[in-house]
Amino acid sequence: MGYVVTIAIIIAIALVVFALARGLVAFANMKPNEVDENGVPKSLGVQNKMMFARVKWQAIAVVLLALLMIIANAG
């Protein structure tokens with residue numbers, strides 16, 4: 001069971017790094033002239049989406065780490 005949780009933690013951390021990198025790329029390529037129907041820059045929407053994805057994957061990784069600690073203490 002511990003191996004499965006460890007692999008899930010590694011995957012979650014990889015997804016955190018991916019979301020962070022994609023958000024930084026969107027920030028670096030921000031073009032204020034490209035706006036959506038609400039007048040918000042399109043890259044800002046990508047930045048916000050990636051920020052929430054990063055926070056979600058970080059929370060999942062923390063929960064998995066806590067689960068791994070519980071499994072380690074039980075054994």
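- The environment of Met69 atom CE is sparse: at most 12 non-hydrogen atoms of other residues, nucleotides or ligands sit within 6.0 angstrom.
- Taking hydrophobic clusters as Ile, Leu, Val, Met, Phe, Trp and Tyr residues chained together by side-chain heavy-atom distances below 4.5 Å, Leu24 does not share a cluster with Met51.
- Met1 approaches Ile71 most closely through the heavy-atom pair CG-CD1, 3.7 Å.
- Once rounded to the nearest 0.5 Å, the distance linking CG of Asp36 with CG of Leu44 reads 9.0 Å.
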Could you give the side-chain donor-acceptor pairs of residues 55-66 under 3.5 Å, partners two or more places apart or in another chain?
from: Gln58; atom 1: OE1; to: Arg54; atom 2: NH1; distance (Å): 3.3

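- Note on Phe18: it does not cluster hydrophobically with Ile10, by side-chain heavy-atom contacts below 4.5 Å among ILVMFWY residues.
- With values rounded to the nearest 0.5 angstrom, Asn29 atom CG is found 10.0 Å from Glu34 atom CD.
- Taking both residues in full, the closest heavy atoms of Val46 and Ala26 are given as CG1-CB, 3.7 Å, listed atom of the first, atom of the second, then distance.
- Transitive grouping of hydrophobic side chains (ILVMFWY, heavy atoms separated by less than 4.5 Å) brings Leu67 and Ile11 into a common cluster.
- Here CG of Leu15 is found 12.5 Å from CG of Leu20. Values are rounded to the nearest 0.5 Å.
- No chain of hydrophobic side-chain contacts below 4.5 Å, direct or via other Ile, Leu, Val, Met, Phe, Trp or Tyr residues, connects Phe27 to Val25.
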